[in-house]
Q: 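Okay, handing you the structure first.
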Amino acid sequence: MTNGADTQPRKRVAVLISGRGSNMMSLVEASRALAYPAEIVTVISNRPAAPGLAWARAQGIETVALDHKAYPSRAAFDDALDAAIKATGADIVACAGFMRLMTKELVERWHNRMINIHPTLLPSFKGLDTHARALATGVRIAGCTVHIVRAEMDAGPILGQAAVPVLDADTPDTLARRILTAEHRLYPQVLSLFAAGAYDIHQDTARLKGASTNDAMLFSPPS
Ligand code: GAR
């Protein structure tokens, strides 16, 4: 399928989820625009009961449930996952709340073609329980990051970040909600740029080709 703006074929995207799938939904909604340079061709989950899978199915999107518990090893599961992705003809893999570590082999097969969203300003707060850990340190600004996946967990060239303030009354839940709203804006924007080939990617960094920033600063407390 081509987008409306020109004859470039839209990039085929496989989205990997493990649960709710709200980031996947934001990518699907964004990709409904004719000019969006990517289409979501499949949603794959390692948890068959993931609510996001049922939502995607109801949208008419192909879904695949691959229960990781049914595989004897991480490598066997990753081989099955790789085969399922390849069967869709995907160009890009977008992890969206896919809560499972991948083998180095799988990550390398999708080198510079697999991206992820993480609910912190990386490289701070990799891993789990991020919002409680951020609050415990007293950071005043939090946020989210979309990055290219490398073998090391929650690492890889940063494609985009969005920042939100941390408020004195925040709990992990209120902070998570504020960051999630930012995630839903950031991920579709970054996937669009990534699919359009707008980044120069090096080993550890990615840069938008051409000018990419304005002069705005983020202050908390406000100046
Ligand atoms: C999102 O906040 C995402 O950033 C996070 O899981 C949540 C999934 O929500 N991912 C990670 O922590 C990955 N390290 P969703 O299923 O509603 O998109």
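We count ligands from 1, going down the list as the structure has it; atoms in each ligand are counted the same way. Note that these values count all heavy atoms, side chains included, but never hydrogens, waters or copies made by symmetry.
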Q: Thinking salt bridges, do D82 and K86 make one under a 4.0 Å N-O criterion?
A: yes

Q: Taking H118 for the side chain and T145 for the main chain, is one N or O donor matched with an acceptor at less than 3.5 Å?
A: no

Q: Do the side chains of K104 and E108 get close enough for a salt bridge, i.e. N-O under 4.0 angstrom?
A: yes

Q: Between K209 (side chain only) and G197 (backbone N and O only), is there a donor and an acceptor less than 3.5 Å apart?
A: yes

Q: Should R100 and R74 count as side-chain neighbours, where that means a heavy-atom distance under 4.5 Å?
A: yes

Q: Give the residues near ligand 1 by chain and number, with the criterion being a heavy-atom distance under 4.0 Å.
A: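 Ligand 1 is contacted, at a heavy-atom distance under 4.0 Å, by R20, G21, S22, N23, G97, M99, I117, H118, P119, D154, L180, E183.
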
Q: Mind checking the OG1-NE2 spacing from T205 to H147? Nearest 0.5 Å is all I need.
A: 14.5 Å

